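The structure under discussion appears below in the form of C-alpha coordinates.
Whatever order the structure lists them in is the order used to number ligands and atoms, beginning at 1. As the structure is a computational prediction, the values presented were derived from the model and not from experiment. The figures here come from the full heavy-atom set of this structure, side chains too, leaving out hydrogens, waters and symmetry mates.
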Amino acid sequence: MTIENFRKKNTAKLAVLIDPDKHTNQTLQLLIGLSLNAKVDFFFVGGSLLSNDTFEQTVESLKQQHQIPVVIFPGNNYQLSSKADALLMLSLISGRNAEYLIGQQVVAAPYIKQMKLKTISTGYILIDGGRTTTTSYITQTIPIPNDKPDIAVATALAGEMLGMQLIYLEAGSGALTTVSPKLVHAVKQQVQVPVIVGGGIKTPEAADALCRAGADVLVVGNVLEKSPELLMEISLAVHSANRV
Ligand code: 1GP
(Lines give C-alpha, C1' and ligand atoms only; values in the text may rest on other atoms or scores of the structure.)
Protein backbone atom coordinates (compact mmCIF):
# COMPACT_ATOMS: atom_id res chain seq x y z
CA MET A 1 0.00 0.00 0.00
CA THR A 2 1.39 3.44 -0.93
CA ILE A 3 0.41 7.07 -0.71
CA GLU A 4 -1.08 6.69 -4.20
CA ASN A 5 -3.93 4.69 -2.66
CA PHE A 6 -5.06 7.93 -0.99
CA ARG A 7 -4.90 10.13 -4.04
CA LYS A 8 -8.26 10.80 -5.64
CA LYS A 9 -8.47 9.74 -9.27
CA ASN A 10 -11.82 10.82 -10.74
CA THR A 11 -13.71 10.42 -7.54
CA ALA A 12 -13.05 10.75 -3.84
CA LYS A 13 -12.57 7.70 -1.61
CA LEU A 14 -14.39 6.51 1.48
CA ALA A 15 -12.95 5.13 4.72
CA VAL A 16 -15.06 3.47 7.41
CA LEU A 17 -13.69 4.08 10.90
CA ILE A 18 -13.89 1.11 13.25
CA ASP A 19 -13.40 1.73 16.96
CA PRO A 20 -12.72 -1.79 18.36
CA ASP A 21 -14.14 -0.85 21.75
CA LYS A 22 -17.52 -0.09 20.24
CA HIS A 23 -18.08 -3.37 18.38
CA THR A 24 -19.08 -6.91 19.12
CA ASN A 25 -18.08 -9.60 16.66
CA GLN A 26 -21.65 -9.54 15.37
CA THR A 27 -21.82 -5.78 14.69
CA LEU A 28 -18.35 -5.91 13.14
CA GLN A 29 -19.34 -8.66 10.72
CA LEU A 30 -22.46 -6.70 9.77
CA LEU A 31 -20.40 -3.60 9.04
CA ILE A 32 -17.85 -5.60 7.01
CA GLY A 33 -20.67 -7.01 4.87
CA LEU A 34 -22.19 -3.56 4.30
CA SER A 35 -18.77 -2.08 3.50
CA LEU A 36 -18.05 -4.73 0.88
CA ASN A 37 -21.44 -4.08 -0.75
CA ALA A 38 -20.90 -0.34 -0.67
CA LYS A 39 -17.39 -0.69 -2.17
CA VAL A 40 -15.71 1.16 0.67
CA ASP A 41 -12.05 1.99 -0.09
CA PHE A 42 -10.46 1.62 3.36
CA PHE A 43 -11.07 0.49 6.89
CA PHE A 44 -9.47 2.80 9.45
CA VAL A 45 -9.06 1.18 12.88
CA GLY A 46 -8.51 3.13 16.09
CA GLY A 47 -10.07 4.86 19.08
CA SER A 48 -9.32 7.78 21.36
CA LEU A 49 -9.12 5.75 24.54
CA LEU A 50 -6.87 2.79 25.26
CA SER A 51 -8.21 -0.05 23.22
CA ASN A 52 -8.22 -3.41 24.98
CA ASP A 53 -6.93 -6.62 23.47
CA THR A 54 -9.74 -6.57 20.90
CA PHE A 55 -7.58 -4.23 18.79
CA GLU A 56 -5.45 -7.01 17.27
CA GLN A 57 -8.52 -9.25 16.98
CA THR A 58 -10.43 -6.51 15.14
CA VAL A 59 -7.59 -5.99 12.66
CA GLU A 60 -7.49 -9.76 12.05
CA SER A 61 -11.26 -9.95 11.47
CA LEU A 62 -11.08 -7.05 9.02
CA LYS A 63 -8.14 -8.61 7.17
CA GLN A 64 -10.13 -11.81 6.66
CA GLN A 65 -12.29 -10.13 4.06
CA HIS A 66 -9.20 -9.81 1.76
CA GLN A 67 -10.38 -6.82 -0.25
CA ILE A 68 -10.52 -3.57 1.64
CA PRO A 69 -7.13 -2.32 2.95
CA VAL A 70 -6.91 -1.99 6.73
CA VAL A 71 -5.19 1.17 7.96
CA ILE A 72 -4.40 1.90 11.60
CA PHE A 73 -5.58 5.34 12.69
CA PRO A 74 -4.07 5.25 16.17
CA GLY A 75 -5.53 7.01 19.19
CA ASN A 76 -2.35 6.22 21.12
CA ASN A 77 0.86 4.23 20.82
CA TYR A 78 -0.67 0.95 22.02
CA GLN A 79 -2.77 0.65 18.90
CA LEU A 80 -0.38 -1.26 16.65
CA SER A 81 -0.68 -4.50 14.70
CA SER A 82 1.66 -6.12 12.21
CA LYS A 83 -1.39 -7.48 10.36
CA ALA A 84 -2.56 -4.06 9.14
CA ASP A 85 -1.69 -2.80 5.65
CA ALA A 86 -0.41 0.56 6.89
CA LEU A 87 -0.29 2.93 9.84
CA LEU A 88 -1.12 6.62 9.65
CA MET A 89 1.88 8.06 11.51
CA LEU A 90 -0.02 11.01 12.94
CA SER A 91 1.48 14.20 14.32
CA LEU A 92 -1.04 16.63 15.80
CA ILE A 93 0.30 19.73 14.06
CA SER A 94 -2.65 21.99 14.97
CA GLY A 95 -1.72 21.57 18.65
CA ARG A 96 1.21 22.65 20.75
CA ASN A 97 1.32 19.58 22.94
CA ALA A 98 4.74 17.96 22.41
CA GLU A 99 3.39 14.59 23.55
CA TYR A 100 1.14 14.35 20.46
CA LEU A 101 3.50 16.18 18.11
CA ILE A 102 6.41 13.77 18.67
CA GLY A 103 6.37 12.13 22.14
CA GLN A 104 4.08 9.16 21.45
CA GLN A 105 5.75 8.64 18.08
CA VAL A 106 9.21 8.28 19.67
CA VAL A 107 7.90 5.60 22.04
CA ALA A 108 6.17 3.70 19.24
CA ALA A 109 8.84 3.95 16.51
CA PRO A 110 11.06 0.97 17.54
CA TYR A 111 7.99 -1.31 17.75
CA ILE A 112 6.70 -0.13 14.41
CA LYS A 113 10.10 -0.87 12.87
CA GLN A 114 10.18 -4.32 14.46
CA MET A 115 6.71 -5.07 13.10
CA LYS A 116 7.78 -3.95 9.61
CA LEU A 117 4.58 -1.92 9.53
CA LYS A 118 4.30 0.49 6.61
CA THR A 119 3.93 4.09 7.86
CA ILE A 120 2.37 7.06 6.12
CA SER A 121 3.37 10.36 7.67
CA THR A 122 0.21 12.39 8.34
CA GLY A 123 -0.24 16.00 9.48
CA TYR A 124 -3.27 15.75 11.79
CA ILE A 125 -5.18 19.03 12.09
CA LEU A 126 -8.09 19.50 14.49
CA ILE A 127 -10.82 21.87 13.36
CA ASP A 128 -13.60 23.06 15.66
CA GLY A 129 -16.68 20.89 15.17
CA GLY A 130 -19.04 22.79 17.48
CA ARG A 131 -18.31 20.91 20.72
CA THR A 132 -15.39 19.66 22.78
CA THR A 133 -14.44 16.35 21.21
CA THR A 134 -12.63 13.44 22.83
CA THR A 135 -9.57 14.17 20.69
CA SER A 136 -9.24 17.77 21.81
CA TYR A 137 -9.91 16.81 25.44
CA ILE A 138 -7.44 13.90 25.50
CA THR A 139 -4.71 15.81 23.66
CA GLN A 140 -5.42 19.03 25.59
CA THR A 141 -5.24 21.04 22.41
CA ILE A 142 -7.42 23.78 20.97
CA PRO A 143 -8.87 23.13 17.53
CA ILE A 144 -8.53 25.68 14.73
CA PRO A 145 -11.77 27.71 14.35
CA ASN A 146 -13.83 26.41 11.42
CA ASP A 147 -14.14 29.95 10.02
CA LYS A 148 -10.38 30.57 9.92
CA PRO A 149 -9.29 28.78 6.74
CA ASP A 150 -6.09 30.84 6.60
CA ILE A 151 -4.81 29.24 9.84
CA ALA A 152 -5.69 25.77 8.54
CA VAL A 153 -3.94 26.50 5.23
CA ALA A 154 -0.77 27.75 6.97
CA THR A 155 -0.76 24.67 9.22
CA ALA A 156 -1.29 22.28 6.31
CA LEU A 157 1.45 23.99 4.30
CA ALA A 158 3.87 23.69 7.20
CA GLY A 159 3.03 19.98 7.43
CA GLU A 160 3.62 19.49 3.74
CA MET A 161 6.91 21.42 3.87
CA LEU A 162 8.02 19.24 6.78
CA GLY A 163 7.56 16.23 4.48
CA MET A 164 4.17 14.92 5.60
CA GLN A 165 2.55 12.75 2.95
CA LEU A 166 -1.06 13.33 3.96
CA ILE A 167 -3.07 16.07 5.62
CA TYR A 168 -6.00 15.00 7.83
CA LEU A 169 -8.63 17.65 8.63
CA GLU A 170 -10.48 16.37 11.70
CA ALA A 171 -13.61 17.86 13.30
CA GLY A 172 -13.52 15.02 15.85
CA SER A 173 -15.68 11.97 16.25
CA GLY A 174 -19.30 12.93 16.86
CA ALA A 175 -18.69 16.57 15.93
CA LEU A 176 -21.85 18.66 15.62
CA THR A 177 -20.62 20.23 12.41
CA THR A 178 -18.18 18.86 9.84
CA VAL A 179 -15.08 20.71 8.71
CA SER A 180 -16.53 23.44 6.50
CA PRO A 181 -16.33 22.79 2.74
CA LYS A 182 -14.89 26.31 2.42
CA LEU A 183 -11.96 25.40 4.67
CA VAL A 184 -11.40 22.10 2.80
CA HIS A 185 -11.39 23.99 -0.50
CA ALA A 186 -8.89 26.56 0.81
CA VAL A 187 -6.50 23.84 1.98
CA LYS A 188 -6.85 21.88 -1.28
CA GLN A 189 -5.99 24.98 -3.29
CA GLN A 190 -2.63 25.21 -1.53
CA VAL A 191 -1.31 21.73 -0.82
CA GLN A 192 -0.36 18.98 -3.24
CA VAL A 193 -0.65 16.02 -0.86
CA PRO A 194 -3.96 14.16 -0.47
CA VAL A 195 -6.37 15.61 2.09
CA ILE A 196 -8.47 13.36 4.35
CA VAL A 197 -11.56 14.86 6.03
CA GLY A 198 -13.47 13.35 8.96
CA GLY A 199 -15.69 14.06 11.93
CA GLY A 200 -19.45 14.57 12.10
CA ILE A 201 -20.26 13.41 8.54
CA LYS A 202 -23.80 12.06 8.91
CA THR A 203 -25.53 12.53 5.57
CA PRO A 204 -24.89 11.93 1.87
CA GLU A 205 -25.39 15.69 1.37
CA ALA A 206 -22.57 16.56 3.76
CA ALA A 207 -20.34 13.96 2.07
CA ASP A 208 -21.20 15.40 -1.33
CA ALA A 209 -20.34 18.97 -0.27
CA LEU A 210 -16.96 17.92 1.15
CA CYS A 211 -16.07 15.91 -1.96
CA ARG A 212 -17.01 18.84 -4.19
CA ALA A 213 -14.78 21.05 -2.05
CA GLY A 214 -11.90 18.74 -2.96
CA ALA A 215 -11.52 16.16 -0.17
CA ASP A 216 -9.59 13.13 -1.41
CA VAL A 217 -10.78 10.76 1.32
CA LEU A 218 -13.77 11.03 3.69
CA VAL A 219 -13.94 9.15 6.97
CA VAL A 220 -17.22 8.10 8.61
CA GLY A 221 -17.62 6.40 11.98
CA ASN A 222 -20.34 7.34 14.43
CA VAL A 223 -23.24 7.55 12.03
CA LEU A 224 -22.78 3.91 11.05
CA GLU A 225 -23.11 2.77 14.65
CA LYS A 226 -26.65 4.18 14.72
CA SER A 227 -27.68 3.95 11.07
CA PRO A 228 -25.52 1.43 9.21
CA GLU A 229 -27.96 1.52 6.30
CA LEU A 230 -26.73 5.03 5.46
CA LEU A 231 -23.38 3.63 4.32
CA MET A 232 -24.58 2.80 0.81
CA GLU A 233 -25.98 6.31 0.23
CA ILE A 234 -22.89 8.01 1.61
CA SER A 235 -20.69 5.78 -0.52
CA LEU A 236 -22.70 6.64 -3.64
CA ALA A 237 -22.31 10.34 -2.86
CA VAL A 238 -18.54 9.98 -2.39
CA HIS A 239 -18.05 7.81 -5.46
CA SER A 240 -20.15 9.90 -7.85
CA ALA A 241 -18.13 10.86 -10.86
CA ASN A 242 -16.51 14.13 -11.89
CA ARG A 243 -15.53 15.71 -8.65
CA VAL A 244 -13.17 18.68 -8.73
C1 1GP B 1 -12.69 10.36 11.70
O2 1GP B 1 -13.16 10.99 13.86
C3 1GP B 1 -13.69 10.86 12.59
O4 1GP B 1 -11.88 11.38 11.31
C5 1GP B 1 -14.92 10.06 12.59
O6 1GP B 1 -15.90 10.91 12.99
O7 1GP B 1 -17.31 9.29 14.14
O8 1GP B 1 -18.10 11.63 13.68
O9 1GP B 1 -17.87 9.99 11.82
P10 1GP B 1 -17.39 10.43 13.16
Side-chain angles (χ1 to χ4, degrees), residues 6 12-23 27-28 31 34-35 38 40-49 51 58 62 69-76 79 86-95 100 120 122-139 141 143-144 146 152 156 159 164 166-181 183-184 187 194-211 213 215-235 237-238:
F6 292 87
K13 301 189 176 196
L14 179 63
V16 165
L17 176 63
I18 312 267
D19 180 342
D21 288 339
K22 291 191 182 158
H23 280 281
T27 60
L28 185 62
L31 196 49
L34 289 171
S35 301
V40 160
D41 300 281
F42 308 97
F43 284 122
F44 282 6
V45 194
S48 286
L49 293 173
S51 212
T58 305
L62 290 170
V70 178
V71 178
I72 299 176
F73 172 50
N76 57 46
Q79 296 174 10
L87 163 78
L88 296 186
M89 191 74 180
L90 304 176
S91 177
L92 181 57
I93 58 175
S94 59
Y100 292 92
I120 300 176
T122 304
Y124 193 49
I125 300 179
L126 279 190
I127 307 290
D128 195 308
R131 64 188 279 204
T132 305
T133 58
T134 310
T135 314
S136 87
Y137 178 78
I138 295 273
T139 62
T141 64
I144 295 174
N146 220 333
M164 286 161 178
L166 282 175
I167 292 296
Y168 196 135
L169 300 174
E170 171 72 276
S173 198
L176 296 178
T177 52
T178 69
V179 176
S180 78
L183 189 148
V184 172
V187 169
V195 173
I196 302 179
V197 181
I201 301 169
K202 300 184 204 74
T203 61
E205 291 75 21
D208 180 68
L210 292 165
C211 292
D216 295 273
V217 180
L218 291 196
V219 186
V220 288
N222 254 293
V223 69
L224 304 177
E225 284 158 30
K226 287 163 213 137
S227 320
E229 69 286 352
L230 271 180
L231 181 57
M232 185 59 91
E233 285 177 58
I234 292 177
S235 178
V238 171

Report task. For G174, take its heavy atoms, then give the atoms of ligand 1 lying under 4.0 Å from any of them. Result -> 7 (O), 8 (O), 10 (P)
Report summary line: Partner of V187 under side-chain contact (heavy atoms from CB on, under 4.5 Å), picked from V179, L169, V197, is L169
Report task. Look only at interatomic distance and state if G221 has a nitrogen or oxygen under 3.5 Å from any nitrogen or oxygen of ligand 1. Result -> yes
Query raised in the report: Quick one: does V223 get an N or O within less than 3.5 Å of an N or O on ligand 1?
Result: no
Query raised in the report: Out of curiosity, is Y168 lining ligand 1, as in a heavy atom under 4.0 Å away?
Result: yes
Query raised in the report: With a cut-off of 4.0 Å, which atoms of ligand 1 are near a heavy atom of V220?
Result: 9 (O)
Query raised in the report: Of the non-hydrogen atoms in A15 and V217, which two are nearest, and what is the gap between them?
Result: CB-CG1, 4.2 Å
**Report entry** G200, any N or O under 3.5 Å of ligand 1 N or O
**Finding:** yes
Report task. Determine whether the aromatic ring centres of F73 and Y124 lie less than 6.0 Å apart. Result -> yes
Sequence neighbours excluded and cut-off under 3.5 Å, please list the side-chain donor-acceptor pairs for residues 198-207, or say none.
unit_1	atom_1	unit_2	atom_2	d
K202	NZ	A175	O	3.3
T203	OG1	A206	N	3.0

Report task. With sequence neighbours excluded, tell me which residues meet salt bridge (charged side-chain N to carboxylate O under 4.0 Å, His left out) with D41. Result -> none
Report task. Output yes when a side-chain donor or acceptor of T139 lies under 3.5 Å from a complementary backbone atom of T135, and no otherwise. Result -> yes
Query - Ligand-side contact atoms (ligand 1) for residue partner G198, heavy atom cut-off under 4.0 Å - result: 4 (O)
